[in-house]
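I have a structure I would like to understand better, so I am pasting it below and will then ask my questions one at a time.
This one's a predicted model, so the numbers in the text were calculated from it and none came from an experiment.
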Amino acid sequence: MRTTVEARTLEGGLIEPHHEIEVVCSACGYDLDEAELQADVCSDCNAPLNLRQHISIHATSVPAAGGEVF
């Protein structure tokens, strides 16, 4: 199951970056959906359900660089 969260600005000016969370079976890597997460057994390999998450965070902005040359 892949969940995508779009970037947004939070209170106080903090930025929550765009990120994706993927939940798979740790035994076989099968991409699980919401209904399969409720089960205790992987529907692909029939192993007891043990989850693994992959998280991807995308940079949404680059802070302004400052400095001087002496």
Side chains of Tyr30 and Cys45 in contact at under 4.5 Å (non-hydrogen atoms)
no

Set of side-chain contact (heavy atoms from CB on, under 4.5 Å) partners for Leu14, sequence neighbours left out
Leu10

If you group Ile, Leu, Val, Met, Phe, Trp and Tyr by side-chain heavy-atom gaps below 4.5 Å, do Ile57 and Val5 land in one group?
no

Using the side chain to side chain donor-acceptor pair (under 3.5 Å) criterion, which residues pair with Thr3? Sequence neighbours excluded.
none

Please name all residues satisfying side-chain contact (heavy atoms from CB on, under 4.5 Å) with Leu51, sequence neighbours left out, ordered by chain then number.
Val23, Leu32, Leu37, Leu49

Looking at every non-hydrogen atom in both residues, tell me the closest pair between Gly29 and Arg52 and how far apart they are.
CA-NH2, 3.9 Å

Looking at Ser26, is its backbone amide N or carbonyl O close enough to the side chain of Asn50 to form a donor-acceptor pair, meaning the two atoms are under 3.5 Å apart?
no

By side-chain contact (heavy atoms from CB on, under 4.5 Å), which residues pair with Gln38, not counting sequence neighbours?
Glu34

Set of residues satisfying salt bridge (charged side-chain N to carboxylate O under 4.0 Å, His left out) with respect to Arg2, sequence neighbours excluded:
Glu20, Glu22

Considering non-hydrogen atoms only, spot the tightest contact between His58 and His19 and give its length.
CD2-CA, 4.3 Å

Which value, rounded to the nearest 0.5 Å, describes the distance between Glu16 atom CD and Arg8 atom CZ?
4.5 Å

side-chain contact (heavy atoms from CB on, under 4.5 Å) with Glu11: which residues, sequence neighbours excluded?
none

